[in-house]
Every structure is written in structure tokens, then in C-alpha cells.
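Structure record follows, encoded as C-alpha cells.
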Amino acid sequence: MNRLRIKDRADFLSGLLFVGLGAFGLLEALQYDMGNLRRMGAGYFPVILSMILMGLGVITAITSLGTGGESGQMTAEESAEADDMRVGLLAAARASFFVIGALVVFALAMPRIGLVLSVITLVVISSFADRTLSWNATGVIAVFMAFVAVAIFRWGIGLPLPVWP
Amino acid sequence: MELIDNLALGFEVALSPTTLLYCLIGVTFGTFVGVLPGIGPLATIGLLLPITFHLPPTEAIVMLAGIYYGAMYGGSTTAILLNLPGTAASVMVALDGHQMAKQGRAGPALVMTTIVSFAAACVAILVIAAFAPPLAQFATRFTSAEYFSLMIMGLIAASVLVSGSLVKGLAMTVLGLLLGMVGQDVTTGEARYTFGLLQLYDGLHFVIVIIGLFGLAEVINNLAQGEKRQQFTQKVPWRDLIPTRKDLHDSFTSTVRGTGLGAALGILPGAGPAISTFAAYAVEKRVSKDPSQFGRGSIKGVTAPEAANNAAAQTSFIPTLSLGVPGDATMALMLGAMMIHGLVPGPQIIQNNPYFFWGLVASFWIGNLLLLILNLPMVGIWIKMLSIPYRWMFPAILTFIGIGMYSLHMEGFDVFVAAGFGLVGYLFIKLRCEAAPLLLGLILSPLVEENLRRALLVSRGELSIFVERPISLVFLILGVGFFLAVVIPGIVKALKPKPADTTDGR
């Protein structure tokens, strides 16, 4: 019995993403003045682009579906490789959280506690993204990068960044 | 002869101490970064762009260009030694190059790529010097309609030449174009997609988007996957570095073919180094008396793509500089960088800024020469560097990103935006969406809209203007041609009846 299946999950989700983004773009752009072909208003081009994007999204999603009892058997090696490439949700979340978090904290800290301390904070927080990084290494890198940062950006280029609080 | 005069002027500029210094810095740093997997030339240029804001324009662009082709070379090194192509352009080199490394012939492979790159650069310089001025002349006849069609052609070409689904590539381009709409519309003064945020009034700064989509996303991806990179542990003694006479002999024709192909393809807007390497490899295999050697360590399979790669990298500056239409995402970045420095690429740049233009062209040659001089002895050091653990590098990368983004406007907002795009970029990686077309769309977006508007204004709303004007029509046809050339084989394959399912004896 031939059922409609999602053959390529990544493509299907991409298609949905495009449709969603296109819809968002469209709704926003419709609020702007459209004008006509001769004198295009602010909204004209965005509306067209949004619609094209949505269309492409639909096509992407549809082509990712398929029918037929396709044998989804992979060979043993292919399966193992797929396991290797598959990254646990936890690992992805962990990496994202600490990398993004480190940058966010850095941005908030910079005007308040200056370059040196912010860089050290950045390195320390981001070090949690990699479990194999030892505290010793983190410490060394933190101090080293703080020094390099000041050397390049403050002394070298002369950016008006506050060095200390 | 005018050509000689122009080049002479260029060398005068390029050999000035400061320019030379920045060229050296760019090339060295570029190779360094290109060798290290985990950060590609695009992200590196983006990363260093804020730093170059404080340099004079010519020096800045010379350095960025040096980083570009330096990173290309470094990427080839990693491709050969670790089978880890850093960019799409290194993929072909990895095919035979890594096989050679496994056969203990990493040295000759590396040395030949260096020599071949330099040879390709020499030819490419002449091509640029010969073709850029006439092309610019030709382009002075362009009106908005031609520019619009040219850009559309470039965007289509760039989006179809991606791995993965063609439709997704196009969608990413359109998404990029949409993202370029953020900010105040110059013509009408209306604020679009700003959601009340003052900082978005000038739009999304492309550097921030690049850093997020390419730099940060890559960092997150590497960390999420863990330390799965292989280390290259073979020792490469000095003797073994030298290629044999047979190597040199075999490589000659492949280099010539690769250079020719790369130089020609690089000129087309939308086609860049990546495409050239694929084409060069395919051609080489086609004309070879023994196609079976490819994929098993043939030196031709290394030198042809490498020559094409470097030739195309240089000549892709031609459309970027003369027409103002970048060939790929990296060129789009260079374009953006030039505009920030007040250099407006386009037909008039050769006339208005001759010192810059010819100085840049001359610096390509000098940069490649420096690469040759530096890298032959340094191969051993680059190999050593591959063993630096990623966990030591990523904090440094993040620090540069943080400071770089913060320093754009001296406020944290840009860092937040970059971080956001980092997450989005990671999502794209997981969903296998190519970010490069998005970048191209983003950078070209205001130009595309402006040209569209102007063309329609002139034609009083008649869309037919784009097909009535012959040059514009040609561009559009080429664009459609690229699209069909990629789409049709795919459709044909899909429509072919599948062979009956037999169980293999696995």
C-alpha cells in the first residue's frame, strides 16, 4: 500500500521554514504602501519576494515527500556513519547554549566591566561548551585572550573600548 | 602599451612598504586560517573586516584579498592532509590529494599545489589587466534594466550551484533578498521590518550576518559534534616534499587546462572558484588517456582543480570590480568591504580610483609570490598546526567575534544579532540549507530593488523592458539557462524508471 511519507526530513522542515518566513514577511509587507509597477512602493518588492519564498517553500516540502515502499535499509556501514553524524539534541543544545550565552553575557558586560574582565568571562562561559576542556587550559586561554584582545584592539588599532571597569 | 603602463602603476602602489606589509599579513594569516579546519575564508574575512575599517582603503582590500587566496591555499592543504575540504573549492583537490597523502606523497601534492597556484595567478593577473578595462567600458552602456538582469543571472547561477536541493538554494537567495529589505527604504523613506528598533534603521549589517551564519554556526556545529577531527600524524621529511620530474611533467597540461578554465569561468558573475574546480576535474578526467587513475592519487587530479581554483579566485574580481556584481558570497563580501571604504565598484572605478584598482591587481601577483615563498618552507609548520586541538581555538574565535561585533557601533546590540544569526545558521546547517546564496541575496538586495524600480520608472511600468533591451535579454536567457542546465538532469533522473529491487549479496 503506497503511503505518503516524508523521505527527507531536513528538506521537509526547510520547506516549512521557508513558508513560515515568507508568510511572516508577507504579512508585514502588506502593511506598507504598495504603489504600482511604475512607482513601486516600499511594500511591492517585499511582497513579491515573500510570495516567491512561500512558493519555493511549498515546492521544497512537497519534493521531500514520496510514495512507495522504498526500502529504507541502509548497509551496516551507512547506518554507523549516520549514527556518527547524528548529533544528540543534548550536545547541540549544550553547544548552542554556552556559545550564545557567552556572547550575550559578553555584550552586556563590556560597557560595565571593561574588556579584560569581559573577555575572561566569555572564555570561561564558553568553555562549558566543550566538556574536554580542563580548568587549567581555560584559565590560560582566558588570560592569554584578554591580553591579546587589549594588545590588538586597544593598543594596536586604538578602539575606544574600556579596558577596566 | 596601455596594459604595461597600468600594471606598472599598480606595482608602484603595491610595492609601497605599507601595502606590502598588509599583503604579507593577509596572505600569512589567510593561509593560517585556511589550514585550520573550522573556520573558512568567508568567516575569516568577515571577522577581520571590522579591524580593516581602521586601515586606509587600498591596504584594507589588499589585505582582505590576501586572506582570500591565502585561505584558499590553506584550505587545499587541509583537504590533502586530512580529507577535510575547508571550502567547496577544496573538495576536488581532496579527492586525489588525500589519496596521494595516504600513499605517502603528501609532500609532492602540497608542493605542486603551491607552484600551480602561483602559475595560475600569473596568468590570471594578465587576464584581469586585459579584460577588466574593456569590460568596464562595455558596462558603461548598461542601464538599470541591464544591471537588474545581470544581478538576477548572478543570483540564479550562485543559487543553483550549491550542494543539496536547487529549490532550497533559490529559496535561500530569496530569503537573503528579503533580509536585505530590513531597514529604511531609501526611495520612499518608509521603515521596513524594523519593529521599532532604531538600530535596525540602517538595515542588517552584512558583516554581522556573515559572522553569525558562517562563523558562529560553524563553531556551534563543531562543538556539538565533539572532537571528531582526525589528526594528521604522519611525518613529512624534507626530502619527500620534492615532486618528481614525472610529477612536473604530468602536471603541465592539467595546469594549463585548469588555469584556462578557471580564468574563463571566474569572469562570469555567479560562477566562482568552486564551479571552476568541478569543471576542471571533470575535463581532466574526460581528456585523460587513463581516467581510472582519478580518485586514486593522480597528480593531475590535484593540479587541475587547484589551478582552476586560484585562477577563478583572481578573475572573479573582474565582475566584482568592473560591474559591481559579485560572483559568489566571498566576492559579495569583498564588494561590501569596498563600499564601506568608499570605493564603489562598477565601470567607473577604474577611471576614478586607478591607484586602488591597479594596486589591487598588482598585489594579487605579489601576494601569490609571497605565498610561494612562504609556503614551501612552511609546509612542515602548517602540518604541525593541524594538531592544535579545537578546544583551544574556539574561545579565541569567540573572543574575536565578540569584540569585532561590539566594536561596530560600540554597543551590544550587534553582538545579540550576530548571536541570533549564529543560532539560525546552525539550524540551516542541520536542515542542510546553504547559507552562501542567502549572503549574496542580502548584499545585492538594495541594488536589485533599486535597479528594478528605476528600470520600471523609465519604462513607465512596462515589464517588457527587460526583454526588449538586448543585453538585458541575454543575461536573463543565460540565467534561465543556468537554471535549466541544473534542473533538467535532475528531472530526467527522477523520471527514469527505477530498476527492480534486487537484494545485493552484501
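These numbers come from a predicted model, not from an experiment.
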Residue selection (most heavy-atom pairs with chain B, distance under 4.5 Å) from Ala95(A), Ala109(A), Gly55(A): Ala95(A)
Option that, when pairs with chain B are counted at under 4.5 Å, heavy atom only, ranks first among Pro46(A), Ser96(A), Ala93(A): Pro46(A)
pair Leu117(A)-Pro165(A): side-chain heavy atoms closer than 4.5 Å: yes
Contacts with chain B made by residues 136-145 of chain A (heavy-atom distance under 4.5 Å), listed by residue number: Ala137(A), Ile141(A), Met145(A)
Geometric class of the Phe24(A)/Phe195(B) ring pair [parallel <30°, tilted 30-60°, perpendicular >60°]: tilted
Under 4.5 Å from a heavy atom of chain B, the part of Tyr32(A) involved: both
Chain B interface, residue from Gly57(A), Ala129(A), Ser50(A) that has the most non-hydrogen pairs under 4.5 Å: Ser50(A)
Region of Leu216(B) that comes under 4.5 Å of a non-hydrogen atom in chain A: side chain
Gap between atom CZ of Phe98(A) and atom CD1 of Ile220(B) - 0.5 Å precision: 12.5 Å
Qualifying residues under salt bridge (Lys or Arg N to Asp or Glu O under 4.0 Å), relative to Asp414(B), sequence neighbours excluded: none
Atom pair CG (Leu427(B)) and CG (Leu17(A)), whose distance is rounded to the nearest 0.5 Å: 6.0 Å
Heavy-atom pair with the smallest gap, counting every atom of Phe416(B) and Ala107(A): CE2-CB, 3.8 Å
Residues forming a ring-ring contact (aromatic ring centres under 6.0 Å, His included) with Trp164(A), sequence neighbours excluded: none
Contacting moiety of Tyr406(B), where chain A heavy atoms sit under 4.5 Å: side chain
Max heavy-atom pair count under 4.5 Å with chain B, selected residue of Asp11(A), Val148(A), Leu108(A), Val119(A): Asp11(A)
Cationic N near anionic O, under 4.0 Å, Asp33(A) to Arg39(A): no
Atom group of Phe413(B) that falls short of 4.5 Å from chain A, counting heavy atoms: neither
Student check: side-chain heavy atoms of Val19(A) and Leu56(A) closer than 4.5 Å: no
Heavy-atom contact with chain B under 4.5 Å, split by part of Ala146(A): neither
Contact class of Ala191(B) relative to chain A, heavy atoms under 4.5 angstrom: backbone
Within-4.5 Å side-chain heavy-atom neighbours: Ile125(A) and Phe106(A): no
Distance-only donor-acceptor check, side chains Arg453(B) and Thr187(B), under 3.5 Å: yes
By side-chain hydrogen bond (donor to acceptor under 3.5 Å, both in side chains) - contacts of Ser464(B) (at least two apart): Glu468(B)
Selection from Val123(A), Leu103(A), Leu21(A) maximising heavy-atom pairs under 4.5 Å formed with chain B: Leu103(A)
For chain A, the option from Leu55(B), Asp185(B), Leu398(B) that forms the most heavy-atom pairs under 4.5 Å: Leu398(B)
Plane angle bin for Phe128(A) and Trp135(A) - parallel if under 30°, tilted between 30 and 60°, otherwise perpendicular: perpendicular
Contact origin within Val104(A) toward chain B - heavy atom pairs under 4.5 Å: both
Which of Leu423(B), Thr188(B), Leu431(B) touches chain A most, by non-hydrogen pairs under 4.5 Å: Leu431(B)
